[in-house]
Asks: 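Structure below; questions to follow.
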Amino acid sequence: MTEQVTIIGAGIVGICCALSLQERGIPVRLIDRGQPGQETSFGNAGVVSPWSIIPQAMPGIWKSLPQMLLDPKSALSVRTSFWPKMIPWGLRFLGNSGERSVREISDAMELLCRPSIDLYRRHLQGSGHENLITDSYYIHAFRHRKQADLNGLGYLIRQEKGGDLELVDGAELRGLEPALSEEFKAAIVIKGQARVTSPGRVGAILAEKARSQGAEIVQTEVTKLTPAEDGGWQITTSQGTLRAASIILAAGVWSADLLKPLGMPVPLVAERGYHVEFPKPSAQLNNSVMDVDAKVVASSMQDGLRVAGTAEFGSVDAPADPRKKKILTEQAKAMVPGLNTGEAQFWMGRRPSFPDSLPAIGPVNGREGLYTAFGHSHYGLMMAPKTGELVADLVSGRSPNIDLAPFSLARF
């Protein structure tokens with residue numbers, strides 16, 4: 001196949017789809033309302049983890065939900081107006097929290113996450129910006145020693161799959177991360193990781209690589225998809241109508257609105273995440289560090305120290321909650337006491353989340369030429385390169401040697 005493929009959404013997933021298609025000799029067009037890689041992809045914590053293969057719904061999570069929802073400083077919150085949508089989604093979420101489901105979902109997540117470091121290095125090779133990804137540990141830091149348990153299900157699954165994990169005490173932790181608070185009494189160190197030191201820059205660099213290889217990049221808002229009577233698709237945009245033989249829908253949380261008129265409602269929600277970045281931090285972290293209690297991740301970036309986290313469920317277009325800035329800043333200071341929190345930059349993005357923590361990848365039944373590549377939840381940065389490989393194989397007629405059923409929209 002050499003006919004141009006149109007990718008709707010130029011976040012990191014769409015960009016990786018474009019690069020993988022180009023590697024197979026297929027021309028591409030990327031459409032996005034904004035600059036490539038500068039929406040949801042821009043604001044994550046930068047963790048590129050082959051071992052981020054544990055879903056959000058875990059056994060016993062229902063016990064902690066009431067306390068989290070009642071705590072105004074909790075990482076979890078739900079906008080009042082969103083509860084009618086949240087309840088059915090939440091019931092599906094809890095339905096995936098049994099150990100059997102967790103292990104099955106983890107197997108699928110592993111397929112996407114394990115090759116992420118190597119694939120990013122391949123995409124960045126020759127760009128002059130290879131240093132945007134660097135080797136790193138992913139450190140889960142605990143204030144209470146007893147909570148750091150390598151036999152917990154999530155850590156056990158990682159080890160069963162070959163992950164190199166180590167339990168360290170507070171003194172060993174500060175040997176790795178001198179800037180961390182002494183309140184942390186233990187940590188689980190997940191090795192064999194990497195981190196991106198500027199997620200937005202990675203998106204921009206890889207999009208420019210795609211452009212230099214012939215990709216057409218169109219900045220406009222897509223409002224509707226319509227099957228054309230003579231085959232292919234009509235794409236209605238804010239600037240007119242475009243035609244496409246094949247479409248890859250990689251528009252993140254906005255993908256649901258484009259599928260609904262086609263008779264395909266999907267249980268996708270906007271799980272809004274926030275970050276605060278401190279441009280003159282006066283302290284540095286050597287690795288990506290999660291404060292397990294606060295459920296936020298801190299990482300030193302090219303432009304400062306970033307603390308990212310929270311899961312706020314609300315409508316896509318609801319304004320950012322300004323209270324999150326103060327909460328995240330306080331959590332950052334608690335993690336890194338020597339941090340200069342002046343000139344903090346505040347950001348909010350929208351994770352596209354399904355209740356099973358897995359994305360939708362593959363052809364849409366009954367809609368020839370339409371492929372999905374969205375719904376990557378907290379794991380978009382890790383899963384994007386392999387998603388691109390799988391979609392490019394499908395579009396080019398190759399059969400991936402893995403079971404794609406866990407990623408099918410038909411699972412809903």
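Residue numbers count from 1 along this sequence.
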Asks: Under the side chain to side chain contact (heavy atoms under 4.5 Å, CB included) test against Ser282, which residue among Asn340, Leu339, Leu305 passes?
Replies: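 Only one option passes, and that is Asn340.
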
Asks: Going by heavy atoms in the side chains, are Ser353 and Phe93 under 4.5 Å from each other?
Replies: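 No, their side chains stay 4.5 Å or more apart.
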
Asks: Could you tell me whether a side-chain N or O of Glu177 sits under 3.5 Å from a main-chain N or O of Asn287, the two making a donor and an acceptor?
Replies: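 Checked: pair present.
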
Asks: Can we say Glu182 and Arg174 salt-bridge, meaning some charged N sits less than 4.0 Å from an Asp/Glu carboxylate O?
Replies: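 Answer for the salt bridge query: no.
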
Asks: Evaluate the criterion salt bridge (Lys or Arg N to Asp or Glu O under 4.0 Å) for residue pair Lys386 and Glu110; output intermediate values, then yes/no.
Replies: CA-CA 10 Å; Lys386 184 62 176 180; Glu110 182 185 13; over 6 Å; no

Asks: Closest approach of Cys16 and Tyr120, non-hydrogen atoms and distance?
Replies: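 Scanning both residues, the minimum pair turns out to be SG-CE2, 4.5 Å.
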
Asks: Quick one about Glu271 and Gln56 (side-chain donor to acceptor, distance below 3.5 Å, no hydrogens or angles considered), yes or no?
Replies: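 There is no such pair between these side chains.
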
Asks: Is a side-chain donor or acceptor of Glu23 paired with a backbone partner of Leu21 at a separation under 3.5 angstrom?
Replies: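 Side chain of Glu23 to backbone of Leu21, a donor-acceptor pair under 3.5 Å: no, none is there.
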
Asks: Rounded to the nearest 0.5 Å, how far does CD of Glu330 lie from CE of Met335?
Replies: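 If I round to the nearest 0.5 Å, the distance is 14.5 Å.
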
Asks: Do side-chain atoms of Ser246 reach the backbone of Val5 as a donor and acceptor pair under 3.5 angstrom?
Replies: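 Such a contact is absent between Ser246 side chain and Val5 backbone.
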
Asks: Taking atom CD1 of Ile188 and atom CG of Leu173, what is their separation to the nearest 0.5 Å?
Replies: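 These two atoms lie 11.5 Å from each other.
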
Asks: Would you call Asp135-Arg121 a salt bridge at under 4.0 Å N-O?
Replies: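 Yes, Asp135 and Arg121 are salt-bridged.
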
Asks: Can you check whether Phe313 reaches Leu76 side chain to side chain, under 4.5 Å on heavy atoms?
Replies: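 Contact flag for Phe313/Leu76 side chains = yes.
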
Asks: Please say whether the positively charged group of Arg306, taken as NZ for Lys or CZ for Arg, lies over the ring of Trp347, i.e. under 6.0 angstrom from the six-membered ring centre and within 45 degrees of the axis.
Replies: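 That pair does not qualify as a cation-pi contact.
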
Asks: Would you compute the distance between atom CD of Glu183 and atom NE2 of His144 and round it to the nearest 0.5 angstrom?
Replies: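 Rounded to the nearest 0.5 Å, the CD-NE2 separation comes to 9.0 Å.
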
Asks: Considering non-hydrogen atoms only, spot the tightest contact between Lys324 and Ser77 and give its length.
Replies: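 Nearest pair, atom of Lys324 first, then Ser77: NZ-OG, 3.1 Å.
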
Asks: If we only count heavy atoms from C-beta on, is the Pro36 to Leu30 side-chain gap below 4.5 Å?
Replies: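 Pro36 does not reach Leu30 side chain to side chain.
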
Asks: Can Asp321 and Arg272 be counted as an ion pair, charged N to O under 4.0 angstrom?
Replies: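 No, Asp321 and Arg272 are not salt-bridged.
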
Asks: What residue pairs, at least two apart or across chains, pass salt bridge (Lys or Arg N to Asp or Glu O under 4.0 Å) with a residue in residues 78-87?
Replies: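 Of all non-adjacent pairs touching residues 78-87, those that pass salt bridge (Lys or Arg N to Asp or Glu O under 4.0 Å) are Arg79-Glu312.
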
Asks: Under a plain distance cut-off of 3.5 Å, with no hydrogens placed, do Ser198 and Gln302 share a side-chain donor-acceptor pair?
Replies: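 No pair is found: no donor N or O on one side chain lies under 3.5 Å from an acceptor on the other.
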
Asks: Checking His129 now: which residues fulfil ring-ring contact (aromatic ring centres under 6.0 Å, His included) with it, not counting sequence neighbours?
Replies: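 Expected list: none.
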
Asks: Taking all atoms of both residues into account, what is the closest heavy-atom pair of Val316 and Ala270, and its distance?
Replies: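 Heavy atoms of Val316 and Ala270 come nearest at CG2-CB, 4.0 Å.
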
Asks: Quick one: does any side-chain atom of Asp71 pair with a main-chain N or O of Met68 as donor and acceptor, under 3.5 Å?
Replies: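 The answer is no, because no donor-acceptor pair under 3.5 Å joins these two groups.
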
Asks: Which residues pass the side chain to side chain donor-acceptor pair (under 3.5 Å) test with Glu160, sequence neighbours left out?
Replies: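 With sequence neighbours excluded, Glu160 shows a side chain to side chain donor-acceptor pair (under 3.5 Å) to Arg103, given in chain and number order.
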
Asks: Output yes when a side-chain donor or acceptor of Glu172 lies under 3.5 Å from a complementary backbone atom of Asp169, and no otherwise.
Replies: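 Yes.
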
Asks: Using the side-chain contact (heavy atoms from CB on, under 4.5 Å) rule, take Val13 and Phe374 through it: C-alpha gap first, then chi angles, then the decisive distance, then the call.
Replies: CA-CA 8 Å; Val13 173; Phe374 66 87; over 6 Å; no

Asks: For the pair Ser255 (side chain) and Ala251 (backbone), establish whether a donor and an acceptor sit closer than 3.5 Å, ignoring hydrogens and angles.
Replies: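 Pair found, side chain donor or acceptor close to backbone of Ala251.
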
Asks: Measure the OG1-CG distance between Thr372 and Leu258 for me, rounded to the nearest 0.5 Å.
Replies: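 Thr372 OG1 to Leu258 CG: 12.5 Å, rounded to 0.5 Å.
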
Asks: Quick check against the 3.5 Å criterion: does Ser116 have a side-chain atom that pairs as donor or acceptor with the backbone of Met383?
Replies: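 Absent.
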
Asks: If we check side chain to side chain contact (heavy atoms under 4.5 Å, CB included) with Phe354, which of these qualifies: Leu268, Val269, Asn96?
Replies: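 Going through Leu268, Val269, Asn96 one by one, the side chain to side chain contact (heavy atoms under 4.5 Å, CB included) with Phe354 is satisfied by Leu268 alone.
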
Asks: Tell me, do Pro363 and Tyr371 make a side-chain contact under 4.5 Å, heavy atoms counted?
Replies: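 A side-chain contact exists here, since the closest heavy-atom pair is under 4.5 Å.
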
Asks: Minimum heavy-atom separation for Pro400 to Leu394, with atom names?
Replies: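 Result for this residue pair: CD-CD2, 3.8 Å.
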
Asks: For Ser181 and Val336, indicate whether the former's side chain and the latter's backbone hold a donor-acceptor pair under 3.5 Å.
Replies: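 Not a single qualifying donor-acceptor pair exists.
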
Asks: Checking salt bridge (Lys or Arg N to Asp or Glu O under 4.0 Å) for the pair Arg24/Asp393: CA distance, chi angles, key distance, verdict?
Replies: CA-CA 8 Å; Arg24 290 154 179 76; Asp393 280 347; 3.0 Å; yes

Asks: Does any part of the side chain of Ile12, heavy atoms only, come nearer than 4.5 Å to the side chain of Leu206, both counted from C-beta?
Replies: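 Yes; the side chains approach each other to less than 4.5 Å.
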
Asks: List the residues meeting side chain to side chain contact (heavy atoms under 4.5 Å, CB included) with Pro227, not counting sequence neighbours, and say none if there are none.
Replies: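 By the side chain to side chain contact (heavy atoms under 4.5 Å, CB included) rule, Pro227 matches Trp233, Leu262, Arg367.
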
Asks: Could you walk me through whether Ile248 and Val28 pass side-chain contact (heavy atoms from CB on, under 4.5 Å), step by step?
Replies: CA-CA 10 Å; Ile248 297 169; Val28 297; over 6 Å; no

Asks: If you define the side chain from C-beta out and look only at heavy atoms, does anything of Val289 sit under 4.5 Å from Leu180?
Replies: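 A side-chain contact exists here, since the closest heavy-atom pair is under 4.5 Å.
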
Asks: Identify the two heavy atoms, one from Ala75 and one from Ala294, that lie closest to each other, and give their separation to 0.1 Å.
Replies: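 Closest heavy-atom pair between Ala75 and Ala294: CB-O, 3.6 Å.
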
Asks: Report yes or no: does Ser20 contribute a side-chain atom to a donor-acceptor pair with the main-chain N or O of Cys17 at less than 3.5 Å?
Replies: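 Absent.
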
Asks: Apply side-chain contact (heavy atoms from CB on, under 4.5 Å) to residues Leu390 and Leu111 and explain how you reach the verdict.
Replies: CA-CA 10 Å; Leu390 292 175; Leu111 294 170; over 6 Å; no

Asks: Hey, could you give me the CZ/CD1 distance between Arg158 and Ile54, rounded to the nearest 0.5 Å?
Replies: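 If we round to the nearest 0.5 Å, Arg158:CZ and Ile54:CD1 are 4.5 Å apart.
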
Asks: Could you tell me whether the side chain of Glu39 and the main chain of Gly252 form a donor-acceptor pair under 3.5 Å?
Replies: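 Absent.
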
Asks: What pairs of residues pass the salt bridge (Lys or Arg N to Asp or Glu O under 4.0 Å) test when at least one of them lies in residues 334-347, not counting sequence neighbours?
Replies: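 Listed once each, the pairs are Lys280-Glu343.
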
Asks: Any chance you could lay out the side-chain contact (heavy atoms from CB on, under 4.5 Å) test for Leu249 and Val364, step after step, and finish with the verdict?
Replies: CA-CA 10 Å; Leu249 185 56; Val364 177; over 6 Å; no

Asks: Holding to ring-ring contact (aromatic ring centres under 6.0 Å, His included), I want the full list of residues that pass it with Tyr155, two or more places apart in sequence or in another chain.
Replies: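 So Tyr155 forms a ring-ring contact (aromatic ring centres under 6.0 Å, His included) with His140.
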
Asks: Charged N to carboxylate O below 4.0 Å: is that the case for Glu208 and Arg211?
Replies: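 Salt bridge present between Glu208 and Arg211.
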
Asks: So, Ser136 and Gln193: side-chain donor and acceptor under 3.5 Å apart, yes or no?
Replies: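 No.
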
Asks: Could you tell me if the side chain of Asn286 sits less than 4.5 Å from the side chain of Tyr137, heavy atoms only?
Replies: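 No, every pair of side-chain atoms sits at 4.5 Å or beyond.
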
Asks: What's the spacing between Lys224 NZ and Ile235 CD1 if we round to 0.5 Å?
Replies: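 Reported to 0.5 Å precision, the distance equals 13.5 Å.
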
Asks: Answer yes if the side chains of Lys161 and Ser106 hold a donor-acceptor pair under 3.5 Å, and no otherwise.
Replies: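 The criterion, which ignores hydrogens and geometry beyond distance, is not satisfied for Ser106 and Lys161.
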
Asks: Is the shortest side-chain heavy-atom distance between Gln147 and Asp293 below 4.5 Å?
Replies: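 Answer yes - side chains close enough.
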
Asks: Can Arg323 be said to sit on top of Tyr274's aromatic six-ring, NZ or CZ under 6.0 Å from centre and within 45° of the ring axis?
Replies: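 The answer is no, since Arg323 fails at least one limit relative to Tyr274.
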
